[in-house]
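Right, one structure below, let's go through it.
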Amino acid sequence: MAEKRIAQYKQIENDLLQKINLGYYKKDDLIPTELELSNTYQVSRVTVRKATDNLVAQGLLTRVAGVGTFVRHPSVTLNPSSVQGFSQVMQEQGIAVRTEVPTFMVQNAPANIASILALDTGEPIYFIERIRYADEKIFQFETTYMSCRLYPDMSMQVLQRSKYQYIEKTKGLKIAYSNHTVTPLHPSKRIADLFDIPLDTPILRVANTTYLTNGQVMDYTELTLNSPKYQLTYVKK
């Protein structure tokens, strides 16, 4: 099967997005004109306009008639150099958060999830889906698995707020560290519709296993990031 080629406008859009996220273009910077970009990328101005239109629609660029196109704001970054929950990361940046919980149910742990959580196969676990909003924009979709036996008082109220605060303040446990496995991918139709992005938009999925200081596995969560709005960065120490 032939490899699907990414459209020219999407390549330009992704390149501009990367430059915004890396700080090459900072907030309030004037980006090059359509003519300059068309010469740089050797494409038509129509192709350039399609790329910048998408970034304008995402709220990353803004046009001022007679002046040009400016960087409105960079994507928010998730920096997992320390263990922090989504709510804490957003609050530290002055961003209002909200969580929807479309799925909260009990199921029997399949073998692969039981192995990650250090449980017996078939043991009752929570299957949780959460949609995380920042300033009323969807930033990430979460799928989480947790032990029912270890956390019998898990509730919808907890999940609409912060799991990390529940663990450390309500349960009196201490989070030690998280293991992350990052996978770039194209979204499923469900995720593309949820994030309101095209199916060929590159996004990231982070498989995250969190451990407590007592040696227990707190949970296993897959975070699907709305990467045009929410970027993942690492600081090595």
Side-chain angles (χ1 to χ4, degrees), residues 75-110 112-120 123-182 194-195 204-227 229-237:
S75 301
V76 175
T77 59
L78 168 63
N79 184 347
S81 56
S82 61
V83 180
Q84 292 179 306
F86 178 85
S87 298
Q88 185 179 352
V89 171
M90 293 298 117
Q91 287 167 3
E92 287 182 355
Q93 301 189 50
I95 298 174
V97 300
R98 179 169 68 86
T99 302
E100 289 182 1
V101 186
T103 306
F104 176 38
M105 60 184 290
V106 174
Q107 65 179 36
N108 296 327
N112 61 326
I113 300 299
S115 177
I116 294 171
L117 296 178
L119 303 175
D120 294 330
E123 185 171 335
I125 60 171
Y126 299 112
F127 172 70
I128 303 159
E129 292 182 329
R130 299 201 298 174
I131 302 170
R132 313 305 299 274
Y133 290 79
D135 282 346
E136 291 305 314
K137 299 180 180 67
I138 297 176
F139 271 33
Q140 72 181 28
F141 177 82
E142 296 179 2
T143 302
T144 296
Y145 303 88
M146 298 182 75
S147 167
C148 294
R149 173 173 50 82
L150 297 176
Y151 311 108
D153 55 347
M154 179 57 66
S155 67
M156 184 71 76
Q157 185 179 28
V158 168
L159 295 171
Q160 289 172 337
R161 294 175 181 169
S162 170
K163 286 185 299 177
Y164 281 23
Q165 286 190 8
Y166 159 78
I167 290 294
E168 295 200 324
K169 293 185 179 180
T170 303
K171 304 297 289 183
L173 300 169
K174 185 67 176 175
I175 297 169
Y177 63 95
S178 293
N179 281 341
H180 297 271
T181 302
V182 182
L194 184 67
F195 290 172
L204 294 176
R205 178 170 295 158
V206 183
N208 179 16
T209 307
T210 300
Y211 294 83
L212 304 178
T213 54
N214 63 10
Q216 290 178 354
V217 179
M218 173 185 139
D219 69 1
Y220 171 69
T221 298
E222 291 185 351
L223 311 172
T224 304
L225 307 185
N226 189 351
S227 299
K229 293 185 175 67
Y230 192 31
Q231 292 289 310
L232 179 70
T233 65
Y234 283 93
V235 175
K236 283 192 173 183
K237 295 185 179 179

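Keep in mind that the numbers below use all heavy atoms, side chains included, and drop hydrogens, waters and symmetry copies.
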Partner set under side chain to side chain donor-acceptor pair (under 3.5 Å) for T144, not counting sequence neighbours:
K163, T221

N/O donor to acceptor pairs below 3.5 angstrom from side-chain atoms of residues 167-176, sequence neighbours left out:
{"from": "E168", "atom 1": "OE2", "to": "I175", "atom 2": "N", "distance (Å)": "3.1"}
{"from": "K171", "atom 1": "NZ", "to": "D153", "atom 2": "OD1", "distance (Å)": "3.4"}

Among residues at least two apart in sequence or on other chains, which ones pass ring-ring contact (aromatic ring centres under 6.0 Å, His included) with Y145?
F127

According to side chain to side chain donor-acceptor pair (under 3.5 Å), who are the partners of Q157, at least two apart in sequence or on a separate chain?
none

Does D120 have any side-chain contact (heavy atoms from CB on, under 4.5 Å) partners at least two apart in sequence or in another chain, and if so, which?
E123

Quick check: do T224 and F195 have side-chain heavy atoms less than 4.5 Å from each other?
yes

Going by the rule salt bridge (charged side-chain N to carboxylate O under 4.0 Å, His left out), which residues pair with E129 if we only count those two or more places apart in sequence or in a different chain?
R190

Could you give the distance from OG1 (T181) to CD (E222), rounded to the nearest 0.5 Å?
10.0 Å

Can you find a pair of side-chain heavy atoms, one from L204 and one from S227, that are under 4.5 Å apart?
yes

All ring-ring contact (aromatic ring centres under 6.0 Å, His included) counterparts of Y211, not counting sequence neighbours:
Y177

Can you name the residues that form a ring-ring contact (aromatic ring centres under 6.0 Å, His included) with Y220, not counting sequence neighbours?
none

Is there side-chain contact between V101 and Q160, with at least one heavy-atom pair below 4.5 Å?
yes

side-chain contact (heavy atoms from CB on, under 4.5 Å) against D135, all qualifying residues, sequence neighbours excluded:
I95, A96

Straight-line distance of T210 OG1 to M146 CE, nearest 0.5 Å:
9.0 Å

Tell me every residue that passes salt bridge (charged side-chain N to carboxylate O under 4.0 Å, His left out) with R130, counting only those two or more places apart in sequence or in another chain.
E142

How would you list, by chain and number, every residue that makes a ring-ring contact (aromatic ring centres under 6.0 Å, His included) with F104, sequence neighbours excluded?
Y126

Pairing residues for P124 by the side-chain contact (heavy atoms from CB on, under 4.5 Å) criterion, not counting sequence neighbours:
V106, C148

